[in-house]
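Notes to accompany the following structure.
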Amino acid sequence: MSLRQPYDPDNIFAKILCGVIPSVTVWEDDDVLAFMDVFPQSEGHVLVISKTSRATSLLDIEPEALKRVAAAVQRTARAVDKALRPDGFQILQYNGEAGGQTVFHLHFHIVPRWAGRPMKGHGHAPMAEAAALRDIADRIAAALD
Ligand code: 5GP
């Protein structure tokens, strides 16, 4: 999908937002949702999305919605750090199919990293068990400020 395709209201994250597809929530408010990536590239891989914007990429999100998502990414990353104590973490954000994006509802990845522990490839990680994701999500949620 090119950068200039219109928003598809049937994309996976839109379906998660309206409850058609289940997901493991870390936290949410009226503007944002932080939830576990079901194909985690490392333990504690969280996705953060806007609930209000229909932006497919970074190019078309409204400034106010971007501000709220960015603040949510920082809040969630702080909780990931407190809960899981990684050695580092990556914030990843892909735009357009050629840019590695596979779900066309703008999102940020928070991928914790540990020294000596390779991260699984984007699009090549196995599906995680919902119960294991729930356990990690609860630990991250308990560490939220
Ligand atoms: P992108 O490739 O667009 O940057 O990232 C999409 C992400 O969504 C991938 O990391 C992929 O593992 C994740 N993903 C794909 N389908 C689902 C799903 O049904 N539920 C959840 N929680 N994550 C998904």
Side-chain angles (χ1 to χ4, degrees), residues 1-63 65-84 86-114 117-144:
M1 198 193 229
S2 91
L3 280 174
R4 275 155 279 278
Q5 292 293 313
Y7 183 80
D8 172 8
D10 285 330
N11 76 75
I12 294 170
F13 294 170
K15 287 181 173 168
I16 284 175
L17 281 176
C18 66
V20 173
I21 291 181
S23 68
V24 176
T25 298
V26 178
W27 70 280
E28 65 185 314
D29 62 16
D30 288 346
D31 300 303
V32 297
L33 170 68
F35 61 107
M36 302 308 294
D37 195 306
V38 79
F39 303 104
Q41 292 180 249
S42 78
E43 186 184 36
H45 182 168
V46 181
L47 300 169
V48 180
I49 63 177
S50 170
K51 286 184 173 181
T52 59
S53 176
R54 290 161 61 96
T56 59
S57 81
L58 190 64
L59 298 182
D60 49 359
I61 188 168
E62 305 79 0
L66 178 59
K67 227 161 78 179
R68 290 172 198 263
V69 175
V73 169
Q74 186 190 46
R75 180 175 189 226
T76 309
R78 284 178 170 159
V80 166
D81 177 51
K82 253 198 213 169
L84 306 180
D87 297 317
F89 65 90
Q90 286 174 275
I91 302 297
L92 300 165
Q93 198 276 308
Y94 301 87
N95 299 279
E97 199 167 358
Q101 187 174 10
T102 57
V103 179
F104 298 93
H105 179 118
L106 170 72
H107 54 280
F108 290 82
H109 300 251
I110 301 169
V111 185
R113 301 298 306 274
W114 286 267
R117 238 197 263 180
M119 135 186 175
K120 296 184 182 79
H122 184 63
H124 299 285
M127 187 182 268
E129 295 289 332
L133 292 180
R134 184 71 266 158
D135 179 63
I136 297 171
D138 288 346
R139 286 162 62 198
I140 297 170
L144 284 166

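Counting starts at 1 for both ligands and their atoms, following the listed order.
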Distance, nearest 0.5 Å, that separates [atom1] of [X] from [atom2] of [Y]:
| X | Y | atom1 | atom2 | result |
| --- | --- | --- | --- | --- |
| R68 | R75 | CZ | CZ | 13.5 Å |
| F13 | T56 | CZ | OG1 | 13.0 Å |
| L47 | M36 | CG | CE | 8.5 Å |
| R54 | L106 | CZ | CG | 14.0 Å |
| D37 | H109 | CG | NE2 | 6.5 Å |
| R78 | L144 | CZ | CG | 11.5 Å |

Can you pull out the closest protein heavy atom to atom 17 (C) of ligand 1? Residue, atom name and distance to 0.1 Å, please.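 Residue, atom and distance for the closest contact: V38 CG1, 3.7 Å.
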Atom 19 (O) of ligand 1: nearest protein contact (heavy atom, Å):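 The closest heavy atom on the protein side is I12 CG2, 3.5 Å.
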So, regarding [X] and ligand 1 (criterion: nitrogen or oxygen to nitrogen or oxygen, under 3.5 Å), is there a contact or not?
| X | result |
| --- | --- |
| H107 | yes |
| H109 | yes |
| T102 | yes |
| V103 | yes |
| H45 | no |
| Q41 | no |
| M36 | yes |

Under 4.0 Å from a heavy atom of [X]: which atoms of ligand 1 are those, numbered in the order shown and with their elements?
| X | value |
| --- | --- |
| F13 | 8 (O) |
| I16 | 20 (N) |
| Y94 | 4 (O) |
| G100 | 2 (O) |
| F35 | 22 (N) |

Just to verify, what does I91 make a side chain to side chain contact (heavy atoms under 4.5 Å, CB included) with, not counting sequence neighbours?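 Result, side chain to side chain contact (heavy atoms under 4.5 Å, CB included) vs I91: V73, F89, F108, I110.
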Does D30 have any side chain to side chain contact (heavy atoms under 4.5 Å, CB included) partners at least two apart in sequence or in another chain, and if so, which?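 Applying side chain to side chain contact (heavy atoms under 4.5 Å, CB included) to D30 gives none.
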Q5 and F104: CA distance, side-chain angles, deciding distance, side-chain contact (heavy atoms from CB on, under 4.5 Å) verdict: CA-CA 9 Å; Q5 292 293 313; F104 298 93; over 6 Å; no
Which option, F108, F104, F39, owns the non-hydrogen atom nearest atom 14 (N) of ligand 1?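 Result: the heavy atom closest to atom 14 (N) of ligand 1 is in F39.
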Winner among V46, D37, V24, T25 once heavy atoms are compared against atom 11 (C) of ligand 1: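 Nearest option to atom 11 (C) of ligand 1, by heavy atoms: D37.
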Look only at the side chain of H105 and the backbone of S50, and say whether a donor-acceptor pair between them is shorter than 3.5 Å.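 Yes: the side chain of H105 pairs with the backbone of S50.
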